[in-house]
Amino acid sequence: MNTSGRTNCSEIPLFELGQKLLSEFSKYSNINLWSLEYLTATYSWLLDVIHIETCNLTREECVKDIIESIVKGYRCNSDRVKELLRESKEFLNKVSSALLSNGYQVREVVMELEGRGVVGTSSDVGRLLFEWGLAFDPYLNLPYIPASTIKGAIRRAYLRVCRKEFKEACEIRAEKLFGSTESPGKIGFTDAYPVECLGKYLLVPDVITPHYVNIKYEKDAMPKPAHYLSIGKGVRFKFFMFYYGGEDIDEELTKDPSSVRSLNDLRILDKALLLSLGLGIGGKTLTGYTHFKLVSYTIKRLR
């Protein structure tokens, strides 16, 4: 943490503890971000209470320092991140093998963030400290994209493509494939996890500035930046689409999507999957966040 001009802070044991937590976090891969958040949130709130008399440091400054340390701990070229990504790939390989062993047809999708990504702003991780959450796996110690988010994005894209090509019965088709509140669908999706990090940082600092919070008149507005974490550009995610083979499903799918040369060669579901990447899977898609490009789209086979 930046302690310049804060000599009185070093006399507070709580401040020293916070410094140690953040410095250790950037060094080791087995320190969990979820746990760190609860510890640093307590640390920052307590520091906010006592800084008035003993330390010239506000909670906002403290949160910025915490975010800076977390971001440094998620440098793409660090041993920490390399190890986390290795464990993520290993986990996904086990998921794929389990699906294939149980008789599912499996499609592997690898996609790359074209800008920053925001997923799960109402999730628990991050909200205590930053007010904005992040979909985060406490076991793999990495952000992820929930299967429900992927499924919803592809379903919306499916309806868009279907209405253009068939113009009718699209809701019925969508319910048949994706399911409804009354019946399960015929296809499923796994969560998406990072498998590569091509940028500088896997997690990056971000800020939103609410102007109108609990005010009656515009003249009373006091913009207050809120700092939070988002996912960095160039992070590649992998997930699987799976289904039991059958004529009703095969009509919607190509036999070999890896040989596709244009969108015209794809059936409707494949088109929807690719379209959803460009439209965005996650949060703040209308402001340019969480848009992806396809890296690979292949059939997985049991070895």
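Along the sequence shown, the residues carry numbers beginning at 1.
Side-chain contact between Leu273 and Tyr297 is present, with at least one heavy-atom pair separated by less than 4.5 Å. The side-chain heavy atoms of Glu87 and Asn141, taken from C-beta on, include no pair separated by under 4.5 Å. Taking the side chain as every heavy atom from C-beta outward, Leu198 and Cys76 never approach each other to under 4.5 Å. Within the 4.5 Å cutoff, no side-chain heavy atoms of Leu202 are placed close to those of Leu84. Proximity of Met111 to His291: side-chain heavy atoms (C-beta onward) are nowhere separated by under 4.5 Å.
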Kindly list each side-chain donor-acceptor pair under 3.5 angstrom involving residues 143-152, sequence neighbours excluded, with atom names and distances?
residue : atom : partner : partner atom : Å
Lys151  : NZ   : Phe178  : O            : 2.8

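When every heavy atom of Gly232 is checked against every heavy atom of Val204, the shortest pair comes out as CA-CG1, 3.9 Å. The shortest heavy-atom contact between Cys197 and Val235 is SG-CG2, 4.3 Å. For the residue pair Cys162 and Arg173, the shortest heavy atom distance occurs at SG-CD, 3.7 Å. The two residues Val95 and Thr190 have their closest heavy-atom pair at CG1-CG2, 3.9 Å. The shortest non-hydrogen separation linking Cys170 to Leu159 is O-CD2, 3.6 Å. The shortest heavy-atom contact between Leu100 and Lys300 is CD2-O, 3.5 Å.
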Could you go through Tyr201 and Val81, starting from their C-alpha distance and side-chain angles, then the distance that decides it, and tell me whether this counts as side chain to side chain contact (heavy atoms under 4.5 Å, CB included)? CA-CA 9 Å; Tyr201 297 102; Val81 168; over 6 Å; no
Which is it for Leu279 and Arg160 under the side chain to side chain contact (heavy atoms under 4.5 Å, CB included) test, yes or no, and what are the steps along the way? CA-CA 11 Å; Leu279 294 176; Arg160 184 167 172 172; 3.3 Å; yes
Quick one: do Asp206 and Tyr289 satisfy side chain to side chain contact (heavy atoms under 4.5 Å, CB included)? Show the steps, please. CA-CA 12 Å; Asp206 218 325; Tyr289 282 71; 2.9 Å; yes
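Interatomic distance, OH of Tyr139 versus CG of Asn32, reported as 9.5 Å (0.5 Å rounding). To the nearest 0.5 Å, the span separating NZ on Lys82 from CZ on Arg75 amounts to 11.0 Å. We find the CD1-CZ distance between Ile154 and Phe189 to be 4.0 Å, quoted to the nearest 0.5 Å. For the atom pair CZ of Phe240 and CG of Asp191, the computed distance is 11.5 Å after rounding to the nearest 0.5 Å. The distance from atom CG of Leu33 to atom CG of Asp137, rounded to the nearest 0.5 Å, is 11.5 Å. Interatomic distance, CG of Leu269 versus OH of Tyr243, reported as 9.0 Å (0.5 Å rounding).
By the 4.0 Å N-to-carboxylate-O rule, Glu114 lies too far from Lys293 to be salt-bridged with it. Look at Glu68 and Lys72 and you find a salt bridge, because one of the NZ, NE, NH1 or NH2 atoms lies within 4.0 Å of a carboxylate O, short of that distance.
Residues Leu277 and Val110 fall into different hydrophobic clusters, defined by Ile, Leu, Val, Met, Phe, Trp and Tyr side chains chained together at heavy-atom separations under 4.5 Å. With hydrophobic clusters built from ILVMFWY side chains whose heavy atoms lie under 4.5 angstrom apart, Tyr158 does not share a cluster with Ile172.
One N or O on the side chain of Thr290 and one on the backbone of Val118 form a donor-acceptor pair closer than 3.5 Å. Judged by distance alone, with hydrogens and angles left aside, the side-chain atoms of Ser97 form a donor-acceptor pair with the main-chain N or O of Asn93 at under 3.5 Å. When atom types are taken as modelled, the side chain of Arg107 and the backbone of Phe239 share no donor-acceptor pair closer than 3.5 angstrom.
Looking at Ile231, Val295, Val119 one by one, the single match for side chain to side chain contact (heavy atoms under 4.5 Å, CB included) with Phe237 turns out to be Ile231.
By the neighbour-count criterion of 12 heavy atoms within 6.0 Å, atom NZ of Lys89 is densely surrounded, having more than that number from other residues, nucleotides or ligands.
Sorted by first and then second residue, the side-chain hydrogen bond (donor to acceptor under 3.5 Å, both in side chains) pairs with a member in residues 276-285 read Tyr228-Lys284; sequence neighbours excluded.
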